[in-house]
Amino acid sequence: MIYQYEEIELTLKLSYFAKIHLRELERIVQIDNNKKYREEYVFYSYIVHIVDFWINSLFPDEQEIIILRIFEKKTYDCIALKIGYSNHSSIIRKYKEILKKIYNIHNKLI
């Protein structure tokens, strides 16, 4: 499946919640092996797996930007200060380049 840039960003954001749900589902599936819980477990596992693959394919500075922006919900200004960029527009440009890189990585897998 070919993802668009917006879908990639939303998938990145969803992975934060997917990890939380996976922990809950692991506990529930051990108690109640219901088909609904197994399907949810597979869904969230896939989201976490694909996002981990994307992040591991990035350079360390790119990983840091994604982690700060998506998982820690930092503003572009805050990220620029933390990483040492001169202003937030540099981070916005870098962030968009990272999404393009993930887009290319993902679409090469297909």
Side-chain angles (χ1 to χ4, degrees):
M1 169 188 260
I2 296 176
Y3 281 23
Q4 299 303 317
Y5 297 115
E6 294 85 8
E7 292 174 301
I8 289 170
E9 190 172 28
L10 289 170
T11 304
L12 287 165
K13 290 178 181 179
L14 177 60
S15 72
Y16 172 82
F17 298 103
K19 288 181 181 182
I20 294 169
H21 290 304
L22 270 179
R23 282 189 293 245
E24 295 171 6
L25 286 167
E26 284 172 351
R27 190 174 36 82
I28 292 171
V29 168
Q30 289 175 353
I31 298 168
D32 182 4
N33 201 10
N34 187 313
K35 181 180 178 184
K36 176 185 176 258
Y37 296 130
R38 285 192 315 257
E39 289 173 354
E40 286 182 25
Y41 184 84
V42 169
F43 171 72
Y44 289 124
S45 294
Y46 176 74
I47 296 297
V48 169
H49 171 75
I50 195 71
V51 168
D52 285 346
F53 179 79
W54 292 345
I55 290 175
N56 290 331
S57 299
L58 300 173
F59 294 119
D61 63 322
E62 296 170 331
Q63 290 176 357
E64 186 175 14
I65 291 170
I66 291 296
I67 289 168
L68 290 170
R69 181 70 183 153
I70 300 294
F71 303 116
E72 295 182 18
K73 298 175 179 39
K74 302 292 183 187
T75 64
Y76 293 116
D77 285 326
C78 181
I79 296 169
L81 288 173
K82 184 166 177 83
I83 295 179
Y85 279 75
S86 58
N87 57 44
H88 74 281
S89 62
S90 300
I91 293 296
I92 293 171
R93 189 171 35 260
K94 181 80 171 171
Y95 180 75
K96 288 179 181 180
E97 289 171 6
I98 294 167
L99 291 180
K100 282 183 187 177
K101 184 175 182 178
I102 292 172
Y103 174 85
N104 290 331
I105 289 167
H106 180 75
N107 292 327
K108 284 181 184 176
L109 294 175
I110 299 173

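The basis for the numbers below is simple: all heavy atoms, side chains too, and nothing from hydrogens, waters or symmetry mates.
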OG1 of T11 to CD1 of I50: how many Å apart, nearest 0.5 Å? 9.0 Å

Any residue meeting side chain to side chain donor-acceptor pair (under 3.5 Å) with S90, in chain and number order, not counting sequence neighbours: N87

Any donor-acceptor pair under 3.5 Å linking the side-chain atoms of Y44 with those of E24? no

Do the side chain of T75 and the main chain of C78 share a donor and acceptor less than 3.5 angstrom apart? yes

Under 3.5 Å: donor-acceptor pair, side chain of R69, backbone of Y95: no

Does this structure show an ion pair linking D77 with K82, if we count only N-O contacts that are shorter than 4.0 Å? no

Value rounded to 0.5 Å, distance of NZ in K13 from CD1 in I70: 5.5 Å

Residues in side chain to side chain contact (heavy atoms under 4.5 Å, CB included) contact with I67, at least two apart in sequence or another chain: F71, E72

Set of side chain to side chain donor-acceptor pair (under 3.5 Å) partners for D61, sequence neighbours left out: K94

Using the test ring pair (Phe, Tyr, Trp, His ring centres under 6.0 Å), find all partners of Y41 that sit at least two apart in sequence or belong to another chain. none

Can you name the side chain to side chain contact (heavy atoms under 4.5 Å, CB included) partners of Q4, sequence neighbours left out? I2, E6, E7

Only counting residues at least two apart or in another chain, list the ones meeting side chain to side chain contact (heavy atoms under 4.5 Å, CB included) with I28. Y37

So which atom in L58 and which in K101 form the shortest heavy-atom distance, rounded to 0.1 Å? CD2-CD, 3.8 Å

